[in-house]
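Letters go in sequence order (proteins before strands), and every chain restarts at 1. None of these values were measured; they are calculated from a predicted model. Atoms considered below: every heavy atom in the structure, side chains included; atoms not considered: hydrogens, waters and symmetry mates.
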Amino acid sequence: MPIKQNYMLQLQRIRDEKDIIIVALQKRNIDAATLLEDVLQLDEKRRATQTKLDNTLAESNKLSKEIGLLFKSGKAQEANILKEKTGDLKEDSKRLGDELNTAMEELQNLLYQIPNIPHDLVPAGNTEKDNEEVFKEGEIPTLTADALPHWELAKKYGIIDFELGVKITGAGFPVYKGKGARLQRALIAYFLDKNTEVGYSEIQVPYLVNEASGYGTGQLPDKEGQMYHIGADDLYLIPTAEVPVTNIFRDVILNESDFPICYTGYTPCFRREAGSYGAHVRGLNRLHQFDKVEIVRVEHPSNSYQALDGMVEHVKTLLRELKLPYRILRLCGGDLGFTSALTYDFEVFSTAQDRWLEISSVSNFEAYQANRLKLRFKDHNGKNQLAHTLNGSSLALPRVLAGILENCQTSQGIRIPDVLVPYCGFDIIN
RNA sequence: GGAGAGGUGCCGGAGUGGUAACGGAGCAGAUUGCUAAUCUGUCGACGCGCAAGUGUCGCAUGGGUUCGAGUCCCAUUCUCUCCGCCA
């Protein structure tokens, strides 16, 4: 009888460090005490059941073997006597097996409710107001009185058509035209080139993923309603390239020498954004479909924070070259993603809107995703350990575009940042 | 969409009801005077144990038959080949 083989390495940590975990999760404003207690109790029940089941099965295996040998040597009568003794064992093992599966399922459901444990650096706090600004760079231009927000500029120069998108699909699906479309393509190519230059290998992945992949990176079950779901085939449109790229490593056991693993990929991203309305979703601020270039790393646990810093530095160089004013925030516990241990958000300043727009989110998931993915590596002792996964946007296109339009507007038109000119083939939109 | 074949460990590949051959890779240990060879060991998950160890489960997935299932039955799924359709 097959027993479900869920991977529960998290359990060991909960057993060992329950109190530490409870304290750490308080940063997320979660009181996990009861939940963890339930987990431990259920775990105990599960282990007790498993021991009983193992013993029952061992006995019945032994009997079967004996029966086999008796039949072989022609002692059918003795064999038949033994046969009669197997009935109870069979019943017991069926009952225990069912109990075990139920316990494991319940346990798994509880474990899915536990978010990642925040890193020490994560500041306490509830909302985005409590995020900690750790870096700021770039000149915020002084705009003239007739400066326009990007959606007006987009209309004025005919480069983005929001209404047309509404006609074809609905709100949040803009149509990029002419130089607008070309600028998007230029940004994608530029980002991919910059990423590959520093060692990320370019990859193209599917835009639809199955349920297992959604669970692997943690979008499921936490963000069930945020992804577009194709019912007929039970597939999800990806909300980020993180999902397909990281799931490359689902059920994989790496060698230590495989590290570091660095991928970059461009994909469109699809998000339902259920529940977000209002002025803040105007123009390119919040879309249902947008383009993004992503970087993903799989690292040895001892190196993952160094890798995180490296990713942050790399994203900085992109914004520096684009000459956009930006800042970096260390997300507080309340704003931290479910699966992340430490996240840095990059925000570009939208001059005409007088607000900051998130354009990148760089995170270390430590072993959280690896636990779900069963992504491990063999350490020098031959033991399997969970690897660490990281990812970051480099970058999300629409808000970069908004930043360029608003910050680079002049009376002559939109001045394209120098680094993009070779990719665009023009230096001004007018 | 129709028809057929198939899914066995890291890879290759046997196994048609009695408890996963064999070959290779990688890794570890031992040994040998040296770009290497040889020998031995070596899959994963979970439980118990300080440990040595030991038990259970795993042959695509889920059920079923049986004292016993890789092997038989049912369902699902994926891959390949041919046909159809098609960028």
Side-chain angles (χ1 to χ4, degrees), chain A residues 1-16 39-108 110-111 204 206-216 230-235 244 247-259 300 367 370-387:
Chain A
M1 163 197 352
I3 300 300
K4 293 214 174 79
Q5 297 283 330
N6 291 318
Y7 196 69
M8 302 198 220
L9 236 164
Q10 259 182 334
L11 269 178
Q12 192 56 51
R13 192 166 170 199
I14 294 172
R15 271 181 230 152
D16 296 344
V39 166
L40 289 181
Q41 264 183 28
L42 205 48
D43 177 44
E44 206 141 307
K45 184 182 163 198
R46 167 188 139 254
R47 281 182 296 166
T49 310
Q50 169 128 29
T51 304
K52 278 192 230 162
L53 176 63
D54 283 358
N55 292 338
T56 311
L57 288 175
E59 216 174 307
S60 110
N61 283 345
K62 210 173 112 197
L63 267 181
S64 292
K65 233 174 227 180
E66 284 174 29
I67 292 170
L69 288 173
L70 288 173
F71 271 123
K72 253 189 177 170
S73 50
K75 298 173 184 166
Q77 227 174 7
E78 290 177 46
N80 283 323
I81 293 169
L82 276 187
K83 259 198 202 179
E84 289 173 14
K85 290 167 72 176
T86 59
D88 285 351
L89 287 175
K90 227 177 153 181
E91 250 173 59
D92 283 354
S93 57
K94 180 158 174 41
R95 179 176 51 81
L96 289 167
D98 288 345
E99 263 177 49
L100 182 60
N101 277 332
T102 308
M104 289 180 82
E105 218 170 284
E106 284 173 25
L107 193 51
Q108 190 68 64
L110 289 185
L111 290 174
Q204 292 192 358
Y207 304 156
L208 288 164
V209 294
N210 56 32
E211 193 182 42
S213 292
Y215 275 94
I230 315 284
D233 297 288
D234 200 13
L235 295 172
N247 270 282
I248 292 170
F249 299 98
R250 176 152 43 87
D251 285 315
V252 166
I253 300 177
L254 299 162
N255 292 312
E256 271 186 319
S257 58
D258 293 329
F259 296 123
H300 192 284
N371 180 61
R372 295 187 171 204
L373 293 161
K374 301 180 202 168
L375 163 55
R376 290 157 291 173
F377 68 96
K378 265 202 196 315
D379 68 17
H380 50 277
N381 293 321
K383 291 256 187 218
N384 291 331
Q385 281 191 48
L386 292 173

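Comparing the same atom, C1', in B:G41 and in B:C48 gives a spacing of 25 Å after rounding to whole Å. Distance check on atom P: B:C10 versus B:U61 gives 13 Å, rounded to whole Å. For B:U71 and B:U8, the C1' atoms lie 11 Å apart once the distance is rounded to whole Å. The gap from the P atom of B:G15 to that of B:C72 amounts to 12 Å, rounded to the nearest Å. Across B:G18 and B:G70, the matching P atoms stand 10 Å from one another, rounded to whole Å. Comparing the same atom, P, in B:C39 and in B:A25 gives a spacing of 12 Å after rounding to whole Å. The gap from the P atom of B:A14 to that of B:A3 amounts to 28 Å, rounded to the nearest Å. Using atom C1' as the reference point in both B:A45 and B:C50, the two lie 23 Å apart (nearest Å).
Computed from coordinates, the A:Leu70 CG to B:G68 C1' distance equals 13 Å when rounded to whole Å. At whole-Å resolution of the value, CG in A:Asp234 and P in B:U76 are 16 Å apart. Summarising the geometry, the separation between CD on A:Glu66 and P on B:G18 is reported as 18 Å, rounded to the nearest angstrom. Atom CG of A:Leu82 is separated from atom P of B:U66 by 18 Å (rounded to the nearest Å). One can place CG of A:Asn384 at 11 Å from P of B:C10, the figure rounded to the nearest angstrom. For the pair A:Lys45 NZ and B:G47 C1', the interatomic distance rounds to 17 Å; values are reported in whole Å. Atoms CG (A:Asn371) and P (B:A45) sit 12 Å apart, rounded to a whole Å. Remark: C1' of B:A45 and CD1 of A:Ile253 are 10 Å apart, rounded to the nearest angstrom.
The side-chain heavy atoms of A:Val209 and A:Asn247, taken from C-beta on, include no pair separated by under 4.5 Å. A:Leu11 is listed as a side-chain neighbour of A:Leu107, based on a closest heavy-atom distance under 4.5 Å. Within the 4.5 Å cutoff, the side chain of A:Asn210 has no heavy atoms near those of the A:Tyr215 side chain. Side-chain contact between A:Asn371 and A:Leu111: absent, with no pair of heavy atoms (C-beta onward) separated by less than 4.5 Å. Counting heavy atoms from C-beta outward, A:Leu375 and A:Leu254 have side chains that approach closer than 4.5 Å.
Salt bridge status for A:Arg46 with A:Asp43: present, with a side-chain N to carboxylate O gap under 4.0 Å.
Residue A:Lys90 has its side chain nearest to B:G68 when only B:G44, B:U56, B:G68 are considered. The side chain of A:Leu57 sits closest to B:U56 out of B:C48, B:U56, B:C46. Ranking B:G47, B:G44, B:U19 by closeness to the A:Arg47 side chain, first place goes to B:G47. Here B:G55 is the nucleotide among B:G55, B:G44, B:G68 with the atom lying nearest to any side-chain atom of A:Gln50. The nucleotide whose nearest atom lies closest to any side-chain atom of A:Thr51 is, among B:C67, B:A45, B:G47, B:G47. Here the side chain of A:Asn61 is nearest to one of B:C67, B:U56, B:G64, namely B:U56.
Helical stems involving RNA chain B, defined as 3 or more consecutive Watson-Crick or G-U pairs under 3.5 Å, span B:1-7 with B:77-83, B:10-12 with B:22-24, B:26-30 with B:38-42, B:43-48 with B:53-58, B:60-64 with B:72-76.
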Q: Output, in order, the C-alpha distance, side-chain angles, deciding distance and verdict of salt bridge (Lys or Arg N to Asp or Glu O under 4.0 Å) for A:Arg95 and A:Glu99.
A: CA-CA 6 Å; A:Arg95 179 176 51 81; A:Glu99 263 177 49; 3.4 Å; yes

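For the 3.5 Å distance criterion, the side chains of A:Asp54 and A:Thr51 fail to qualify, holding no donor opposite an acceptor.
Projected onto RNA chain B by closest heavy-atom contact, A:Asn255 and A:Glu59 fall at different nucleotides, the more 5' of which corresponds to A:Asn255. For A:Leu69 and A:Asp54, each mapped to the nucleotide of RNA chain B holding its nearest heavy atom, the one lying further toward the 5' end belongs to A:Leu69.
In terms of phosphate contacts, A:Arg376 brings a side-chain nitrogen or oxygen within less than 4.0 Å of OP1 or OP2 of B:A45.
In the displayed structure, A:Asp88 atom CG is contacted under 6.0 Å by at most 12 heavy atoms of other residues, nucleotides or ligands.
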